[in-house]
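Only one structure is covered here, and it is reproduced in the block below.
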Amino acid sequence: MTIQNVTIIGAGTLGSQIAFQSALKGMHVAAYDPQIAVAKQRLAALAAPYARDVQLPQAEFDQALAAIQVTDDLAAAVADADLVIEAIPEAVEIKAKMYSELMKVLPAKTIVASNSSTMMPSQLVQYVDRPAQFLHIHFANQIWKYNVAEIVGTSVTDPIVFDEAVAFAKAIGMVPITMHKEYPGYILNALLVPLLNAALAVWAKGIADPHLVDKDWMISTGAPLGPFMILDVVGLRTPYQIEMNSYQQTGNPDAKLIADKLKEMIDAGQTGRESGQGFYHYPNPEFLAPDFLK
């Protein structure tokens with residue numbers, strides 16, 4: 001594998017996780033984000049879940065964290081990058097603008113990947129100047145625990161580039177899920193998003209409260225998490241963007257209703273587990289109570 005220098009564009013919920021996991025596994029990592037202080041806070045906040053879920057010693061966490069270059073200088077961030085992973089909001093215009101700026105400063109050798117959760121490679125490849133070196137690597141949230149990387153290219157992605165992406169995923173502790181062709185939502189979200197959309201519609205239309213929806217789903221199927229628990233883990237900004245994109249593309253009134261309700265929560269600072277409140281309060285949400293499923 002030739003990938004050693006990795007740059008993450010956007011140190012949000014998943015971008016910060018990808019950056020830290022890559023550094024932990026020995027990659028040279030730069031994280032580009034205009035909000036340096038916020039990016040550093042997100043990275044530092046990973047200490048608790050890494051200690052809890054994978055028993056990572058604090059000294060090892062600190063060592064990996066210190067190795068990450070966090071910067072708001074795009075050219076400096078990508079100066080020696082073998083791989084750039086874009087992990088910015090799910091809006092075409094935002095991604096297109098970023099790629100336009102990125103192409104001006106990116107070395108010729110660099111592979112470009114998007115972590116987009118809803119867009120397909122064929123939708124974004126037009127914005128890069130190296131279509132043979134472009135593909136998607138989609139990570140599940142909480143990558144230290146749910147360690148899959150869905151990898152898919154376009155019809156012109158170089159097979160060698162694809163193999164490099166697979167090798168990179170393995171090198172940072174992911175299980176590569178290689179796809180023969182693109183498909184909306186990849187595999188994970190093709191299955192998950194319809195469930196979350198259905199749950200959000202039940203809530204937004206006033207049919208049932210989120211906690212009862214989760215309780216019904218968990219008791220009826222034996223699932224360890226309900227859809228609103230999952231939404232809190234994902235963070236509400238991403239489903240908001242998905243619903244707004246759906247409304248703008250299709251005019252679906254349900255999508256607009258859901259987006260408006262999510263926007264109210266986001267504006268109130270209730271963005272999910274990360275903020276301490278979403279559909280549940282944290283760190284001691286109601287579903288941890290022994291009688292929640294009764």
Side-chain angles (χ1 to χ4, degrees), residues 10 12-15 86-99 114-127 136 138-142 146 150 152 179 181-218 220-221 223 225-275 277-280 285:
T13 299
L14 259 170
E86 169 266 305
I88 63 176
E90 292 290 276
V92 171
E93 62 274 14
I94 296 175
K95 292 183 186 293
K97 182 179 179 181
M98 170 52 66
Y99 285 131
S114 176
N115 178 57
S116 175
S117 59
T118 59
M119 299 175 197
M120 294 182 288
S122 61
Q123 292 176 267
L124 298 179
V125 68
Q126 61 185 302
Y127 301 114
H136 281 202
H138 177 243
F139 297 83
N141 198 10
Q142 299 186 14
Y146 306 121
E150 297 174 317
V152 60
M179 298 178 61
K181 60 178 71 174
E182 64 180 27
Y183 187 73
Y186 308 89
I187 298 169
L188 174 62
N189 282 332
L191 301 175
L192 180 61
V193 169
L195 167 66
L196 300 183
N197 277 342
L200 285 166
V202 167
W203 162 66
K205 293 179 179 181
I207 295 167
D209 293 333
H211 297 192
L212 285 177
V213 173
D214 282 353
K215 185 176 293 190
D216 190 346
W217 180 256
M218 294 167 72
S220 299
T221 67
L225 298 176
F228 289 97
M229 297 174 191
I230 296 171
L231 284 160
D232 272 358
V233 171
V234 171
L236 302 192
R237 293 186 185 89
T238 296
Y240 167 74
Q241 288 286 351
I242 292 171
E243 296 297 338
M244 280 303 297
N245 289 344
S246 175
Y247 173 68
Q248 291 166 358
Q249 293 169 10
T250 68
N252 180 358
D254 284 357
K256 181 64 164 57
L257 176 64
I258 294 168
D260 287 347
K261 295 271 286 183
L262 289 172
K263 185 67 161 52
E264 291 177 8
M265 294 181 66
I266 292 168
D267 288 347
Q270 301 170 5
T271 59
R273 185 183 288 256
E274 178 186 64
S275 70
Q277 184 172 350
F279 291 103
Y280 294 87

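Just so you know, these numbers use all the heavy atoms, side chains as well, and skip hydrogens, waters and symmetry mates.
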Once rounded to the nearest 0.5 Å, what's the spacing between atom CG of Leu200 and atom CG of Leu195? 9.5 Å
Would you find a donor on one side and an acceptor on the other, under 3.5 Å apart, between the side chain of Asp214 and the backbone of Met229? yes
Closest heavy-atom pair and its distance - Gly226, Trp217: CA-CD1, 4.1 Å
To the closest 0.5 Å, what do you measure between CG (Leu225) and CG (Leu231)? 11.0 Å
With Lys261, which residues qualify under salt bridge (charged side-chain N to carboxylate O under 4.0 Å, His left out), at least two apart? none
One should read off an interatomic distance between Glu90 CD and Thr118 OG1, to the nearest 0.5 angstrom, of 3.5 Å
What salt bridge (Lys or Arg N to Asp or Glu O under 4.0 Å) pairs are there with at least one residue in residues 246-258, not counting sequence neighbours? Lys205-Asp254, Lys256-Asp260
Should Arg273 and Tyr280 be marked as a side-chain contact (heavy atoms from CB on, under 4.5 Å) after you check the CA-CA gap, both sets of side-chain angles, and the distance that decides it? CA-CA 8 Å; Arg273 185 183 288 256; Tyr280 294 87; over 6 Å; no
Are the side chain of Glu150 and the backbone N or O of Met179 linked by a donor-acceptor pair below 3.5 Å? no
Sequence neighbours excluded, which residues qualify as salt bridge (charged side-chain N to carboxylate O under 4.0 Å, His left out) partners of Glu86? Lys95
Looking only at atom types and distance, does a side-chain atom of Glu182 sit under 3.5 Å from a main-chain N or O of Ser122, one as donor and one as acceptor? yes
Donor-acceptor contacts under 3.5 Å from residues 265-272 side chains, at least two apart:
| residue | atom | partner | partner atom | Å |
| --- | --- | --- | --- | --- |
| Asp267 | OD1 | Lys263 | NZ | 3.0 |
| Asp267 | OD2 | Lys263 | NZ | 3.0 |
| Thr271 | OG1 | Ser275 | OG | 3.2 |

Between atom CD1 of Ile242 and atom OG1 of Thr238, what is the distance when rounded to the nearest 0.5 Å? 6.5 Å
Give the minimum heavy-atom separation between Ser117 and Asn189, together with the two atoms involved. O-ND2, 3.1 Å
If you round to the nearest 0.5 Å, how far is CD of Glu93 from CE of Met98? 13.5 Å
Hits for ring pair (Phe, Tyr, Trp, His ring centres under 6.0 Å) against Tyr127, two or more places apart or cross-chain, chain-then-number order -> none
Going by the angle between their ring planes, with limits at 30° and 60°, are Tyr186 and His138 parallel, tilted or perpendicular? parallel
If you measure from CG on Leu236 to CD on Gln277, what distance do you get to the nearest 0.5 Å? 10.0 Å
Would the distance check show the side chain of Asn115 and the main-chain N or O of Gly15 forming a donor-acceptor pair, the cut-off being under 3.5 Å? no
Shortest non-hydrogen contact from Asn141 toward Val234: ND2-CA, 3.4 Å
For Trp203, does the CH2 atom have more than 12 heavy-atom neighbours from other residues, nucleotides or ligands under 6.0 Å away? yes
Which heavy atom of Ala199 sits nearest to which heavy atom of Phe228, and what is that distance? O-CZ, 3.2 Å
Ala91 and Gln241: which non-hydrogen atoms are nearest, and at how many Å? CB-OE1, 4.0 Å
If you look only at pairs with a residue in residues 228-244, which of them pass as a salt bridge (Lys or Arg N to Asp or Glu O under 4.0 Å), with sequence neighbours excluded? Arg237-Glu274
For Ala140 against Leu14, the heavy-atom pair lying closest together: O-CD2, 3.6 Å
